[in-house]
Every structure is written in C-alpha cells, then in structure tokens.
There are 2 protein chains.
Amino acid sequence: MKLSTRARYGLRLMFALAKNYGKGYVLLKDVACAEEISEKYLSLIVIPLRSTGLINSARGATGGYSLARDPSQITVKEIVDVLEGEALLDCLKNPSLCPRVSSCVSRDVWVLLNDKISETLSSITLEKLIQMENEKISGGKIEKGGNHEDSR
Amino acid sequence: MKLSTRARYGLRLMFALAKNYGKGYVLLKDVACAEEISEKYLSLIVIPLRSTGLINSARGATGGYSLARDPSQITVKEIVDVLEGEALLDCLKNPSLCPRVSSCVSRDVWVLLNDKISETLSSITLEKLIQMENEKISGGKIEKGGNHEDSR
DNA sequence: TTATTTACTACTATTACGATAGGAATAATA
DNA sequence: TATTATTCCTATCGTAATAGTAGTAAATAA
C-alpha cells in the first residue's frame, strides 16, 4: 500500500503538462528541472503515459510533450492506473488465480477498498488540481487588503 | 499500491480468530492449515499483531492465540496499519521530509486518497466480515422456508 | 518429564524500485 | 548538408523490500 515514486512523479509531470495545455510542447528537461526529478528517470515514466495516449510527443528540435486531452478530461485514476497497475491485488482482476475466491470474505474487503480508491481518484481531474493550486496561491498570499511579504 | 501478502494473510488470520472469539485459543497450525498458509510465515505475521495488543497469546500445550477484543471492536484498518504501515507516503505523516510540501498540490491528492482509504477500512469490523460470510453462505445455499429473499 | 505451543533470531532467494548510461531516431534550422 | 536539440529505446545496476525457510529457546499443561 505504498505509493510508488513512479506514480508520484508521473502525476507531477502530468500536472506540469496540464498547466501548459494549449501552449505547445513542454520539454522534459524543464519539468525535470522544475520538479527536481532526474530527467532520465522521468523519461522512462513518460513512455507508458505516451503509449496509453494520455500525452502526445514530438521528437527533434522544438519537440517535447503535451497533454493529449483537455485537463478536465484526464483523471488522476488514469495516471495512477498506467503507472501503478489497476488492481490492488491480482485476484481482483483475475479471480481464477485463486480457488477460494467464491468463499473468500477478505477478498471482498479488498474489492471494496479497490472500488473506493478508484472512485476517489476518478473524481479528481487535472483541471481540478489546477484550481486547487490557484486557490492555494491566492489563499496563502495576501488576503485582500492587508499585505505582507509572502513566506519562502 | 499493491497490497502485501502480510496484510492479506494477517486479515485472514484475524478473521479466523474472530470466528472463534469467546471459544478459547486457536492454534496457529490450524489456521495455517485451513488457510493454506505456511505456518512459519504466519508465525512472523502474528508477532506485530500481538505486540500491538490486537490479539492475546498463550504458550505451551493448550496455548494458542485469541482475539484481544470483541470482533465488533476491531477494524480492518487497525490490522492493515500494523502490518503495512499507516501512510501511503512518507511525507504524509512527516511533512518536514519534503521542502515543497506547502505548495505541493499532488501531495494533497495523496492526503485525500489516504483519508478515503482510512475511512473505508475503518468502517469494516471483523464482526461485519462474519456477517458477510454468513450472508454469503445462506445466500449461496438453499434458502430455508423460502420466506424472505435477502438479495444482499 | 514430555509433548506442545509460542517466541525469537538468523538466513536466503526473488522481485520490485529507483536510478543511471549510452546511443539511435527524428526534426528544425543555420 | 551539418548541427543541434529533442524524444526514444535498451540495457544495466545497486539497494531495499518481500516472501518464505530454518533452527532453537522458552513456557506450560498434562
């Protein structure tokens, strides 16, 4: 039940692309630098995201990556599924793996949990994340009127 | 986001103890046999469950393990937390680990997910699991008298 | 004493994870 | 055409976690 860095980095990458949606390609180098992630490592993470059709890519000079769909049309679940695999447990997708599936109550727990996770992650789109960040910035900074230096 | 076998086996063990609650000690050997889990491996899993106070143990002949509390008072969350660690991510419990915590929107996603998982697992007690199994059995078998159809 | 059980410690094999390295393919541009 | 900048592909590697085995010590009821 630990979250892999793959998924975490992947989400940050997708978020960066989302913020640039409609403005052309984004360089992996720039994302890697801004997010302080190894560019090489990020370049591995990006591959499944591309082959699943979540992002587009263009080689060569002026190339880069861009979101394949509007940020409102991409959920965190899609990203996590690609980078982490869909199921919490193999017998969830593949019941034939275990002979005791039909009578297994503990499996029912995991099915339920898996559904809850899916539901939660499905409800969060990249657009929503952008909104969250905006609210965070305007909420954390000068709140109308009295101004003071922003921390950091 | 894979579930470890530790947690899965642990839940099955706890469930077995729950079904025997109030009837004395259960032998690890019996659980291991019934659940087709290596007794040795199970004997490792049982240790943290004991030291957290979820179960009691007694050595020697006529010894064994028993649930420390009523099945209605033990949630799946407690079991999972013991065997798998509480947080989906280190920076959730320990924000100081990451300098970008305050501005990190993706972290907010994981916080939200973590809460949902906790909430879900907290809502399932061992007693509930016993009920689920009973319904499963009576639902799958012949309905006595043919009166009420509890279609779950 | 003996049989039975938990408790403890050490070891091992396998896999997954996080990361690095080097170069090939592609495209813009000078 | 040569150069440069980028994605793309494959291979490798060290470390840690996971799943599991093994052997022995300690406790306890009979």
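Chain identifiers are assigned alphabetically (A, B, ...) following the order of the sequence lines, protein sequences preceding nucleic acid strands; residue numbering begins at 1 within each chain. As a basis for the values below, the full set of heavy atoms in this structure was taken, side chains included, without hydrogen atoms, waters or symmetry mates. As the structure is a prediction and not an experimental result, all values here were calculated from the model.
- Screening B/L89, B/L92, B/V109 for a side chain to side chain contact (heavy atoms under 4.5 Å, CB included) involving A/L3 leaves a single residue, B/L89.
- When all heavy atoms of A/D70 and A/S72 are compared, the pair lying nearest together is OD1-OG, 2.7 Å.
- More than 12 heavy atoms of other residues, nucleotides or ligands shown are found within 6.0 angstrom of NZ on A/K2.
- Residue A/K136 comes nearest to B/S103 through the heavy atom pair NZ-C, 4.2 Å, listed as atom of the first residue, atom of the second, then distance.
- Map A/S43 and B/L44 each onto its nearest nucleotide of DNA chain D; the residue landing nearer the 5' end is A/S43.
- The main-chain N or O of A/L54 is never found under 3.5 Å from a side-chain atom of A/R69 such that the two would form a donor-acceptor pair.
- B/Y41 and B/L27 sit in two unconnected hydrophobic clusters of ILVMFWY residues. Membership requires side-chain heavy atoms under 4.5 Å apart, directly or through other members.
- Rounded to whole angstrom, the span from the CG atom of A/L89 across to the P atom of D/dA19 amounts to 11 Å.
- For DNA chain C, the neighbouring residues in residues 28-38 of chain B, judged by any heavy atom under 4.0 Å, are B/L28, B/K29.
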Just the atom pairs and distances: protein N or O near nucleotides 28-30 of chain D's N or O, under 3.5 Å.
residue, atom, partner, partner atom, Å
D/dT28, O2, B/A61, N, 3.4

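- Where DNA chain C meets chain B (any atom under 4.0 Å from a heavy atom), the bounding nucleotides read 5' to 3' are C/dT4 to C/dT9.
- Ion pairing between a basic and an acidic side chain is recognised when a charged N comes within 4.0 Å of a carboxylate O; A/E39 and A/K29 show no such pairing.
- Rounded to whole Å, the distance from CG on A/L42 to C1' on D/dC9 is 16 Å.
- In this structure, A/Y65 reaches the sugar-phosphate backbone alone: every heavy-atom distance under 4.0 Å involves primed, P, OP1 or OP2 atoms, never a base.
- Checking A/R8 against B/I47, the closest nucleotide of DNA chain C that is more toward the 5' end is the one next to B/I47.
- Salt bridge status for B/K77 with B/E119: absent, with no side-chain N to carboxylate O gap under 4.0 Å.
- Between A/L13 atom CG and D/dT7 atom P the separation is 11 Å, expressed in whole Å.
- Residues B/V46 and A/S4 each lie close to DNA chain C; by heavy-atom proximity, the contact nearer the 5' end of the strand is made by B/V46.
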